[in-house]
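So that the names make sense, note that chain A is the first sequence line, chain B the second, and so on, each numbered from 1.
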Number of protein chains: 2
Amino acid sequence: MGERNRKITIKDIAAEAGVSIALVSFVMNGKSEGKNAYRVNKETAERIRSVAERLNYQPNEAARVLRSGKTNAVGVIVSDISNKFFADIARCIEDRAYKHKYTVLFGSTDENPQKLENLIDVFRNKGVDGLIVVPCEGAEQTLRKLANENFPLVLLDREVPGAELSSVVLNNRRAGYQVAEVLVRQGFRRIEMVSYSMNLSNIREREEGYRSCMTENGLGEYVRIHHLRHERLDRIVEVLRDARSRQVEAFVFATNTLAMQGVTAMFRMGWQVPRDCSMVCFDTNEAFDLYHTAAACVSQPIERFGAEALDLLLKSIEHRDQPMACTRVVLTPEIVEYAGAESLPEVVSAEV
Amino acid sequence: MGERNRKITIKDIAAEAGVSIALVSFVMNGKSEGKNAYRVNKETAERIRSVAERLNYQPNEAARVLRSGKTNAVGVIVSDISNKFFADIARCIEDRAYKHKYTVLFGSTDENPQKLENLIDVFRNKGVDGLIVVPCEGAEQTLRKLANENFPLVLLDREVPGAELSSVVLNNRRAGYQVAEVLVRQGFRRIEMVSYSMNLSNIREREEGYRSCMTENGLGEYVRIHHLRHERLDRIVEVLRDARSRQVEAFVFATNTLAMQGVTAMFRMGWQVPRDCSMVCFDTNEAFDLYHTAAACVSQPIERFGAEALDLLLKSIEHRDQPMACTRVVLTPEIVEYAGAESLPEVVSAEV
DNA sequence: TTTGTTTGTTAAAACGTTTTAATTACCTTT
DNA sequence: AAAGGTAATTAAAACGTTTTAACAAACAAA
């Protein structure tokens, strides 16, 4: 009572148990058991443990980090943590990290390479043991440098071409192909794609997928990809208007944001989807799902994104000394196909 | 080159600049200027600064924390970080914290008080300077204890009744009243509410709002609140069926999750919203917005939630010594009213 | 000259761990 | 009884800061 409620340290425990602080440390870290152990008397160990328990000892992280150089924290840097796709992944990473006694720091770049660099600096100062990063355009240099320093790093969602970096990505080519194929199978021919002008690996591959689906189905002449700058999404209205003037029948949207913007624009202009114009998109979405707005969408295996990325990172942290192996994990997309809006299930409630 | 790329410390700078480490510390912390300064020679200070710059000195956080006891990190614990409402708030907090040179740790409780307690322990061990918490049912004890220790704490979204804790919440009563009022004004009479059985302040107040709106409009006889357990949301189907059998015309959903589940269920049963049944809900939502599913919704001032909570917390951290003032910030909801679905703007694209 | 004041600088302690190397105590062997 | 081995324990250094108290030098006032 008199002492103010000062934090309990290893020293207090040592005093209370009548041993040295070294012994306490050994016991608390389980160094008293196992292969290359420190030989601590069974009873002493038990005594120490019980004192620690009784005083509710909580080791001081800062001291531990200072001494050992390990923080048991990792950083996760995405484009925008409030974007559902990334928020979901973040949640998975958080849960999984927690099980491994790791904590996670989150940051958003807004696709700005300068912000990315800042965040990396801040996180490294905080001493994170490793980073999971969604690279943005213009960040290649920064990331390569990081990897050269042998700093544990895993890329997520997108890759950096020409760099030997570990990554977890979707098979975007295949996803693009298959989702476009749904439209083709439904008989559409004039199918165009709405995409970003940013040079990101995932986007580019989605475009490739669409393109090869079209050519392989003899629709090469209709291939057309519209590139929007992400800070000028309002331009989408012009793109759509122009497309309609060319009797375009369906669109492939390269991301969920683009799809939502696109459909919103169409509604504003009075088009109904899919009545007037069909579409497919990447990522699922309550709105499109509920109202069968999309003919199909690419469902990404969120949990696996998180799990694989974290596992890869932890492995990479564990082997920091080794010359850094580079692993690529490519996940398989699932295509969710919706029945047309006209065939919405009309299951009227049975009884009453 | 020979030295391996060891991290630059304050010692290296001192050596390089030919001064003591104390002086370097003074300069790096700006203690050389201002009111109660440490009087460092202008030129010396400049020299130190330039050396630090040249060697790209990055202070070691762990050491700083160990010595000063301040981490410049705060924890944010919500129900589910992948929920759009919380993800948006998290993003605001993150941005704002960053400007104040703070980093943020996130955690999700899944409405489980045990998880909350664990997270609090973990975050405190990590040494966070303070916490922003969305309290869940059953966490009252834990939170009160925390506050008793004079630990900086701000509640978000919900309050803990009977405890003197700082908080940032919506005027949920008013929101409930006003959003229900929209339905009343549209001529509906049999209006029921779908809510959670959890005992949370925000939920209870929303119910109060609905209730008083109804009674004040002479509809007291129709008041009916359905309480669902959040792990048994599938029960919503029965609730809706039952309601339909009583000719209920419209629903007030207490949260976005409930609304989404509810509408999905209605669609499954073949009802169209709002053709067969009208509804209002809390929080905006792309789906309901796009298709005018909701007659109205409560729009919460996300950015203010984040900003007020963080500001309050930082203030509380700054004055840790004082006996802890308790501030309540009550934010005003905005009601967004949609025109009926039948009057969707049919502005066909002008030219072409 | 002495005394006091201001300015600039530094030595050293402290924060709470982890880990190495040394030490003690107690058995076995000879 | 001496030597060697093993089991258990500990003293002390190190990690990189911040901050206090002391010190030296220069100058001003007596």
Give the rounded distance in Å between these two atoms: CG of B:N41 and C1' of C:dT10.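 For the pair B:N41 CG and C:dT10 C1', the rounded distance is 15 Å.
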Can you pull the ring pair (Phe, Tyr, Trp, His ring centres under 6.0 Å) pairs that have at least one residue in residues 118-142 of chain B, sequence neighbours excluded?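 For residues 118-142 of chain B, and leaving out neighbouring residues, there are no ring pair (Phe, Tyr, Trp, His ring centres under 6.0 Å) pairs at all.
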Applying a 4.0 Å non-hydrogen cut-off, can you work out what A:V19 is touching in the nucleic acid: base, sugar-phosphate, or nothing?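 Touches sugar-phosphate only.
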Between B:R158 and B:E111, is there a salt bridge with N-O shorter than 4.0 Å?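 Answer for the salt bridge query: yes.
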In the structure I gave you, are the side-chain heavy atoms of A:T103 and A:E61 within less than 4.5 Å of one another anywhere?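 Heavy-atom side-chain distance check fails, nothing below 4.5 Å.
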Does atom CD of B:Q141 have more than 12 heavy-atom neighbours, drawn from other residues, nucleotides or ligands, at distances under 6.0 Å?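 Counting neighbours around CD of B:Q141, 12 or fewer heavy atoms of other residues, nucleotides or ligands fall under 6.0 Å, so no.
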Step through the shown structure and confirm whether more than 12 heavy atoms of other residues, nucleotides or ligands are within 6.0 Å of CD on A:E164.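 It does not: A:E164 CD has 12 such atoms or fewer within range.
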Can you name the salt bridge (Lys or Arg N to Asp or Glu O under 4.0 Å) partners of A:E117, sequence neighbours left out?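 For A:E117, no residue satisfies salt bridge (Lys or Arg N to Asp or Glu O under 4.0 Å) once neighbours in sequence are set aside.
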side-chain hydrogen bond (donor to acceptor under 3.5 Å, both in side chains) involving [X] - partner list, sequence neighbours excluded:
X	answer
B:S166	none
B:R96	B:D311
B:R320	none
A:E159	A:S167, A:R328

Assign the ring pair A:F106 / B:F106 to parallel, tilted or perpendicular, where the plane angle (0 to 90°) is split at 30° and 60°.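 Tilted.
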Once base and sugar-phosphate atoms are separated, protein heavy atoms under 4.0 Å mark nucleotides 11-17 of chain C, 5' to 3', with B, S and - as B-BBBBB
Polar pairs (N or O, both sides) under 3.5 Å between protein and nucleotides 24-27 of chain C?
none

Among residues two or more places apart or on two chains, list those pairs meeting salt bridge (charged side-chain N to carboxylate O under 4.0 Å, His left out) that have a residue in residues 130-144 of chain B.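 Applying salt bridge (charged side-chain N to carboxylate O under 4.0 Å, His left out) to every pair that reaches into residues 130-144 of chain B, excluding sequence neighbours, yields nothing.
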Helix axis bend for the helix from C:dT1-D:dA30 to C:dT30-D:dA1 - C1'-based end axes, five pairs, 10° rounding: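 Answer rounded to 10°: the end axes differ by 70°.
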Which residues pass the ring pair (Phe, Tyr, Trp, His ring centres under 6.0 Å) test with B:F86, not counting sequence neighbours?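 Expected list: none.
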Taking only nitrogen or oxygen atoms into account, show me every contact under 3.5 Å that the protein makes with nucleotides 22-29 of chain D, one pair per line with its distance.
none

